[in-house]
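Just so you know, these numbers use all the heavy atoms, side chains as well, and skip hydrogens, waters and symmetry mates.
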Amino acid sequence: MSVQREMEETIYYGDPAATNGISVFEQDFDELFSYDGDDLGIIYTPVSSAFCLWAPTALEAEVVLYDSWQQAEGRRLPMVRDVRGTWRLKIPGDLEGKLYTYRVRIEDQWNEAADPYARAVGVNGDRAAIIDLRKTDPKRWTGDKPPFGNPVDAVIYELHLRDLSMHPASGIARKGQFLGLAEEGTRGPGGILTGLDHIADLGVTHVQLLPIYDYATESVDETRLDQPQYNWGYDPKNYNAPEGSYATDPFIPGVRITELKTMIQALHDHGLRVIMDVVYNHVYDGYRVNFTKLVPGYYLRYKRDGSLSNGSGCGNDAATERLMMSRFIVDSVLYWAKEYHIDGFRFDLMGLMDVDTMAEVRRRLDELDPSIITIGEGWIMETELAPERLANQSNADVLPGIGQFNDGFRDAVKGNIFRFEEPGFVGGGTGLEPWVKTGITGGVVYGQNSGQFADEPQQCVNYVECHDNHTLWDKIVLSSPGQTDEQRRAMHRLASAMVLTSQGIPFLHAGQEFMRTKNGVENSFKSNIEINWLDWERCAGHADDVAYMKRLIALRKAHPAFRMHSAEEIRANLIFEKAPAGVLAYTLRGHAGGDSAEHLYVVYNSNPSGSTLKLPPLGAWKPLLGEELAVMEADGRLTVQGTGMVVLAVEA
């Protein structure tokens, strides 16, 4: 039997015409045609270039070489079928500077696409580029990284690259670019620190960047950067190449690579690690993506009627459970970690991905560098995969070492994100204390009636604001009619304080330190830059709030009791104390991780009129933070004057 005939009998069932021409793959297709070699894509040398494409359903395959991104017709060179669905071609000579695509014949149709494994691309990513990657390394490019221990020692700061620098008062020259985040010595209104200096001065440990891989032209056209354009970038096009709109010249393929590395080196030099936001759960367009053109019907999930699965709400779901898609994701993550020295990965809509792929990502990163963080959105979502196979909160027990965002804590603290007018704990919402407690304890099982999805605190990411939904400030405004801005400011400070003093991994959104607003816009993914930019004038006007955030971060770093490494430690050392309604209080008693000579007492008070609590008789308590709110009574009581957090300490 011919190879092609064998493939046809293996991969199709039923009538392909009945499924809109989409081939539906049997499970044993992977067993016959999956490929585990390490040479997919291109291996370039000045002497020759070797191409390897996985396209088992193709009847013919070609490499097409182009001299420029504008060239209409390229030089077509036939590839040779090889083992397990691969096609190969080795071209002698130095091809550096050329662009290339693959052409495949699927039945009677020829499809042309960029190499899914492309590590460099031309403008707008329609063609892969042939370059010498070593020439893209900046003059200073070290493997040295800021020291880092357990994931709960992280303080993550989420940032969109353009937001940082586009404001007229940012003081940053390379606005909207990789190099803008690498600039030192930038100053804003009143001489405040901006950009990289501002972030480093806050004391955070990790900068998490919204997508920096190459995303769809329909989102941002790299040939029209002189015109206003904005997008968050959750529209994947080429997973292994940087986005060109952040480069000084998107027309030269190596420039964006060098400048991204320069930026990462600058962050490392300032003691900041880098987390990359990755979007493997869906693609921009399920019909036009490179994957579908080269191997139709394989890389995405389909319903029984042949339509695309759409749990993502973006039109398609990636079939991460298939061996070659899973292998692509693992290879891609490892490539970014090795080539770009990336220190962590945030998986968008991780709940649509399969547990085996995520477990393999974690296993391979542990082999490479266990300090690399993995976190993701473990939302429980509908897709064409069995629930027990999805990498969501319900299955966190089989995903050790992977943090998941704690939406229960988020909504309890600031109010439900979909019911705009509903206040959370900080705004006087009632009955929310049990949910807040589960975040304080890092999402782990704490008692018979208390616990969330986490087995260990490193699996819980606590936050009250991110790029999605309203900013914390805007949510508070919507849910607090009649309140003064001063009272709202107190609520905002309390919410941030709760994040940074809870167990687990704390997560901040850029601008949260100065009460960022998007003027009430809930979903600003393609709003104008004036809605999205970091307003450095607002930052200058909220200098006291920025200073407060710095104190919170410093407090967390100084006291290991706020970042215990295990559920066992949390259950042994964290004790909730008696408190009136609208107040939560707990002690961290003589934690052995570094605070063994110290007890801490933490109070979250949401009552604007103040609250009084009886202090546990552990010694002479003294304020560590919130001293402006704390009144120590002679009878062993503490009065908290107004909304906010107070932290006390006593020698054990």
*Asks:* If the threshold is 4.0 Å, N to carboxylate O, is there a salt bridge linking Arg563 and Asp153?
*Replies:* yes

*Asks:* With side chain to side chain contact (heavy atoms under 4.5 Å, CB included) as the criterion, how do Leu181 and Ile199 come out once you've worked through the C-alpha distance, each side chain's angles and the decisive distance to 0.1 Å?
*Replies:* CA-CA 10 Å; Leu181 180 49; Ile199 297 171; 4.1 Å; yes

*Asks:* Determine whether more than 12 heavy atoms belonging to other residues, nucleotides or ligands lie under 6.0 Å from atom CD of Glu568.
*Replies:* no

*Asks:* Check the angle between the aromatic planes of Trp536 and His198 and answer parallel, tilted or perpendicular using the 30° and 60° thresholds.
*Replies:* perpendicular

*Asks:* Return the CG to CG distance between Leu584 and Leu613, rounded to the nearest 0.5 Å.
*Replies:* 10.0 Å

*Asks:* For the residue pair Ser566 and Glu456, establish whether any side-chain heavy-atom pair is separated by less than 4.5 Å.
*Replies:* yes

*Asks:* Please report the closest heavy-atom contact between Asn462 and Ser502, naming both atoms and the distance.
*Replies:* ND2-CB, 3.6 Å

*Asks:* Run Val647 and Phe562 through side chain to side chain contact (heavy atoms under 4.5 Å, CB included) and show every step you take.
*Replies:* CA-CA 11 Å; Val647 179; Phe562 290 120; 4.2 Å; yes

*Asks:* Quick one: does Ser479's side chain get under 4.5 Å of Glu422's, heavy atoms only?
*Replies:* no

*Asks:* Quick one: CD1 on Ile417 to CG on Asp407, what's the gap to the nearest 0.5 Å?
*Replies:* 7.5 Å

*Asks:* Is there a donor-acceptor pair under 3.5 Å between the side chain of Lys526 and the backbone N or O of Asn231?
*Replies:* no

*Asks:* Decide, yes or no, whether a salt bridge links Arg410 with Glu465 under the criterion of side-chain N to carboxylate O below 4.0 Å.
*Replies:* no

*Asks:* Within the 4.5 Å heavy-atom criterion, are Ile375 and Ile156 side-chain neighbours or not?
*Replies:* yes

*Asks:* Angle between ring planes, Tyr239 versus Tyr213, binned at 30° and 60°: parallel, tilted or perpendicular?
*Replies:* tilted

*Asks:* Are any side-chain N or O atoms of His282 and backbone N or O atoms of Tyr234, one a donor and one an acceptor, separated by less than 3.5 Å?
*Replies:* yes

*Asks:* Go through it in stages, so that I can follow the logic: the residues are Met276 and Val274, the test is side chain to side chain contact (heavy atoms under 4.5 Å, CB included), and I'd like the CA-CA distance, side-chain angles, deciding distance and then a yes or no.
*Replies:* CA-CA 7 Å; Met276 181 179 178; Val274 182; 5.7 Å; no

*Asks:* Please report the shortest heavy-atom distance between Ala495 and Val413, naming the atom on each side.
*Replies:* CB-CG1, 3.7 Å

*Asks:* Ring-plane angle category for His160 and Tyr246, please: parallel below 30°, perpendicular beyond 60°, tilted otherwise.
*Replies:* perpendicular

*Asks:* Rounded to the nearest 0.5 Å, how far does CZ of Arg346 lie from NE2 of His206?
*Replies:* 15.5 Å

*Asks:* Using modelled atom types only, decide if a donor and an acceptor are shared between the side chain of Glu382 and the backbone of Gly311 within a distance under 3.5 Å.
*Replies:* no

*Asks:* Do Val426 and Thr643 have side chains that get closer than 4.5 Å, going by heavy atoms?
*Replies:* no

*Asks:* Test of understanding: with side chain to side chain contact (heavy atoms under 4.5 Å, CB included), list the residues that count as partners of Lys557, not counting sequence neighbours.
*Replies:* Thr205, Ile553

*Asks:* Find the distance between CE (Met549) and CZ (Phe514) and round it off to the nearest 0.5 Å.
*Replies:* 10.0 Å

*Asks:* Answer yes or no: is there an ion pair linking Arg162 with Glu243, defined by an N-O contact shorter than 4.0 Å?
*Replies:* no

*Asks:* Examine distances only and state if a side-chain atom of Arg571 and a backbone atom of Val445 form a donor-acceptor pair shorter than 3.5 Å.
*Replies:* yes

*Asks:* Is the side chain of Asn605 donor-acceptor paired with the backbone N or O of Asn607 at a distance under 3.5 Å, no angle test?
*Replies:* yes

*Asks:* Could you tell me whether the side chain of Lys414 and the main chain of Leu472 form a donor-acceptor pair under 3.5 Å?
*Replies:* no

*Asks:* How far apart are the closest heavy atoms of Pro506 and Val152, and which atoms are they?
*Replies:* CD-O, 4.4 Å

*Asks:* Counting N and O atoms only, with roles assigned by atom type, does the side chain of Lys475 sit under 3.5 Å from a partner on the main chain of Asn416, one being a donor and the other an acceptor?
*Replies:* yes

*Asks:* Looking at the rings of Phe507 and Phe405, which for Trp means the six-membered one, are their centres under 6.0 Å apart?
*Replies:* yes

*Asks:* Which is it for Thr501 and Tyr604 under the side chain to side chain donor-acceptor pair (under 3.5 Å) test, yes or no, and what are the steps along the way?
*Replies:* CA-CA 10 Å; Thr501 50; Tyr604 305 140; 2.6 Å; yes

*Asks:* Using every non-hydrogen atom in the two residues, find where Leu164 and Ser170 come nearest and quote the distance to one decimal.
*Replies:* O-CB, 4.2 Å

*Asks:* Does this structure show an ion pair linking Asp474 with Lys518, if we count only N-O contacts that are shorter than 4.0 Å?
*Replies:* no

*Asks:* Give a yes or no answer on whether the side chain of Asp317 reaches the backbone of Arg301 with a donor-acceptor pair at less than 3.5 Å.
*Replies:* no

*Asks:* Would you say the side-chain atoms of His470 pair up with the backbone N or O of Gly520, donor to acceptor, closer than 3.5 Å?
*Replies:* yes

*Asks:* How about Glu513 and Tyr157: do any of their side-chain heavy atoms sit closer than 4.5 Å?
*Replies:* yes

*Asks:* How close do Phe345 and Ile342 get, counting heavy atoms only, and between which atoms?
*Replies:* CZ-CG2, 3.7 Å

*Asks:* For the atom pair NE2 (His509) and OG1 (Thr471), what is the distance rounded to the nearest 0.5 Å?
*Replies:* 8.5 Å

*Asks:* Does the side chain of Asp163 come under 3.5 Å of the side chain of Asn532 through a donor N or O and an acceptor N or O?
*Replies:* no

*Asks:* First locate atom OH of Tyr284, then atom OH of Tyr215, and finally report the distance between them rounded to the nearest 0.5 Å.
*Replies:* 12.5 Å

*Asks:* Please determine whether a side-chain nitrogen of the Lys or Arg among Arg538 and Asp535 lies less than 4.0 Å from a carboxylate oxygen of the Asp or Glu.
*Replies:* no

*Asks:* Is any NZ, NE, NH1 or NH2 atom of the basic residue among Glu158 and Arg516 found under 4.0 Å from an Asp or Glu carboxylate oxygen of the other?
*Replies:* no

*Asks:* Using a 4.5 Å cut-off on heavy atoms from C-beta on, say whether the side chain of Val204 contacts that of Val155.
*Replies:* yes

*Asks:* Under 3.5 Å, is there a donor-acceptor pair between the side chain of Asp277 and the main chain of Gln208?
*Replies:* no

*Asks:* Give me the atom names and distance for the closest heavy-atom approach of Met515 to Arg493.
*Replies:* CE-CG, 3.9 Å

*Asks:* Under 3.5 Å, is there a donor-acceptor pair linking the side chains of Asn281 and Glu377?
*Replies:* no

*Asks:* Is Lys437 positioned over the aromatic face of Tyr446, cation under 6.0 angstrom from the ring centre and no more than 45 degrees off axis?
*Replies:* no

*Asks:* Does atom CH2 of Trp336 have more than 12 heavy-atom neighbours, drawn from other residues, nucleotides or ligands, at distances under 6.0 Å?
*Replies:* yes

*Asks:* Taking the side chain as every heavy atom from C-beta outward, state whether Met564 and Leu588 have any pair of such atoms under 4.5 Å apart.
*Replies:* yes

*Asks:* Would Asp235 and Ser219 count as having a side-chain donor-acceptor pair, cut-off 3.5 Å?
*Replies:* yes

*Asks:* Start with the C-alpha distance between Ser480 and Met491, add both sets of side-chain angles, then the distance that settles side chain to side chain contact (heavy atoms under 4.5 Å, CB included), and finish with yes or no.
*Replies:* CA-CA 10 Å; Ser480 61; Met491 297 177 195; 4.3 Å; yes

*Asks:* Side chains of Glu577 and Pro616: does their closest heavy-atom pair fall under 4.5 Å?
*Replies:* yes

*Asks:* Using the side-chain hydrogen bond (donor to acceptor under 3.5 Å, both in side chains) definition, which of the options Thr383, Asp354, Thr357 pairs with Thr320?
*Replies:* Asp354

